[in-house]
Amino acid sequence: MSPAAIVLYSGGKDSTVALWWARRTFREVTALSFCYPSRPKAEQLTANAICREASIPQIEVELPFLKTLRDLREETHVYGRADAYVPARNLVFYAAATFYADAYQCSTLVGGHLRSDGNAYSDATPEFFLELQQLLRTGLRGSFAGAASGPALTIELPLISLSDQQAVALGRSLGAPLEHTWSCWEDAARPCEQCKACQDRQSAMGAVQAQAVHRKSVEGG
Ligand SMILES: [Zn+2]
């Protein structure tokens with residue numbers, strides 16, 4: 001078992017699967033959560049509750065400047081695109097995570113990005129993370145882990161080749177508390193069940209549930 005990892009953790013189902021994967025793979029795991037204006041408060045509270053219940057140490061970092069283009073346009077009237085895209089989000093997240101990795105002498109960062117994330121965002125592709133890992137290693141050379149010959153920083157992406165449904169199945173096999181996670185883009189007492197995140201979640205969880213029922217009936221029959 002490897003010594004330690006920092007998991008970038010939102011409280012959503014994908015990062016929860018990654019967190020449970022890391023718990024099985026590393027001796028010590030710390031969850032790192034970023035608080036920024038467009039993140040639903042419900043997601044933050046979910047992340048806090050899951051870490052507390054599972055006794056996983058959690059670091060929360062405030063990133064108040066990190067906003068969607070929609071929010072930025074409302075504030076400044078400068079930005080033309082009014083969408084939910086957050087500029088350079090993963091670059092900012094992983095740079096901040098690298099600070100904690102170096103400070104805590106932890107050589108592994110774990111992210112719960114799916115294959116489909118890379119289709120939607122150019123800062124969530126396997127190629128992006130490979131180049132980022134190389135860049136971070138270059139930047140940390142000579143100081144990481146407090147020694148010139150310390151271990152190289154590694155970005156682990158256990159879900160990067162998985163579909164939504166495969167990630168749910170992996171989470172189930174690891175005993176991750178998927179029912180308690182928060183996927184909705186809205187900030188309300190309950191998920192809206194209308195947004196794309198809610199719909200993708202329902203279809204992936206439903207498909208895995210249907211497969212389990214089918215398997216049981218085949219085994220039973
Ligand atoms: Zn929703």
OH-OG1 distance between Tyr85 and Thr68, expressed to the nearest 0.5 angstrom
12.0 Å

Below 4.0 angstrom, N of the basic side chain to O of the carboxylate: do Arg172 and Glu179 qualify?
yes

How far does CG of Leu170 sit from CD of Gln166, to the nearest 0.5 angstrom?
9.5 Å

Under the ring pair (Phe, Tyr, Trp, His ring centres under 6.0 Å) test, which residues partner Phe129, sequence neighbours left out?
Tyr94, His113

Looking only at side chains, do Ser15 and Ser10 share a donor and an acceptor under 3.5 Å apart?
yes

Is any side-chain heavy atom of Tyr36 closer than 4.5 Å to a side-chain heavy atom of Val92?
no

Less than 4.5 Å apart, side chain to side chain, heavy atoms only: is that true for Leu32 and Val7?
no

Pair Met205-Leu178, side-chain contact (heavy atoms from CB on, under 4.5 Å): steps then yes or no:
CA-CA 9 Å; Met205 304 266 267; Leu178 297 180; 4.1 Å; yes

Determine whether Trp185 and Pro40 make a side-chain contact, defined as any pair of heavy atoms from C-beta on separated by less than 4.5 Å.
no

With rounding to the nearest 0.5 Å, note down the distance linking CG in Leu45 to CD1 in Ile50.
11.5 Å

Does Phe34 share a hydrophobic cluster with Trp182, counting links as ILVMFWY side-chain heavy atoms below 4.5 Å and allowing steps through other members?
no

Side-chain donor/acceptor of Asp187 to backbone N/O of Ala42, under 3.5 Å
yes

Could you check Ile160 against Arg115 for side-chain contact (heavy atoms from CB on, under 4.5 Å), going step by step and ending with a plain yes or no?
CA-CA 5 Å; Ile160 199 70; Arg115 186 174 60 206; over 6 Å; no

Side-chain donor/acceptor of Gln199 to backbone N/O of Gln194, under 3.5 Å:
yes

Applying the 4.5 Å side-chain criterion to the ILVMFWY set and letting contacts propagate, would Leu157 and Leu130 be lumped into a single cluster?
no

Indicate the atoms forming the closest heavy-atom contact of Pro87 with Leu69, along with that distance.
CG-CD2, 3.8 Å

Hey, does Thr154 have a side-chain heavy atom less than 4.5 Å from the side chain of Arg137?
yes

Find the distance between CG (Asp164) and CG (Asp14) and round it off to the nearest 0.5 Å.
6.0 Å

With the side chain counted from C-beta on, respond yes when Glu60 and Asn48 share a heavy-atom pair under 4.5 Å apart, and no when they do not.
yes

Starting from the C-alpha separation in whole Å, work towards a yes-or-no answer on side-chain contact (heavy atoms from CB on, under 4.5 Å) for Arg24 and Trp20.
CA-CA 6 Å; Arg24 194 190 58 179; Trp20 255 249; over 6 Å; no

Is it the case that atom CZ in Phe128 sees more than 12 heavy atoms from other parts of the structure closer than 6.0 Å?
yes

Non-hydrogen side-chain atoms of Phe26 and Val110 separated by less than 4.5 Å:
yes

Trace of the side-chain contact (heavy atoms from CB on, under 4.5 Å) decision for Ile155 with Leu136
CA-CA 10 Å; Ile155 299 176; Leu136 295 173; 4.1 Å; yes

State, to 0.1 Å, how close Cys106 and Ala4 come at their nearest heavy-atom pair, and which atoms those are.
SG-O, 3.5 Å

Less than 4.5 Å apart, side chain to side chain, heavy atoms only: is that true for Val168 and Lys13?
yes

How long is the gap from CD on Gln44 to OG on Ser33, to the nearest 0.5 Å?
8.0 Å

May I have the step-by-step check of side-chain hydrogen bond (donor to acceptor under 3.5 Å, both in side chains) for Thr30 and Tyr100, ending in yes or no?
CA-CA 10 Å; Thr30 298; Tyr100 287 95; over 6 Å; no

Please round to the nearest 0.5 Å and tell me the distance separating atom CD of Glu43 and atom OG of Ser38.
9.5 Å

Heavy-atom nearest pair, Ala101 first then Leu109, reads CB-CD2, 4.0 Å

Same cluster for Phe65 and Val86 if Ile/Leu/Val/Met/Phe/Trp/Tyr side chains link at under 4.5 Å?
yes

Grab the two heavy atoms, one from Ala167 and one from Leu114, that are nearest each other, plus how far apart they are.
CB-CD2, 3.5 Å

Flag the pair Thr108 / Ile6 as yes when at least one side-chain heavy-atom distance between them is below 4.5 Å, and no otherwise.
no

Can you name the closest pair of heavy atoms from Cys35 and Arg39 and give their distance?
SG-NH1, 3.9 Å

Any idea which heavy atoms bring Ala31 and Cys51 closest together, and the distance?
CB-SG, 3.7 Å

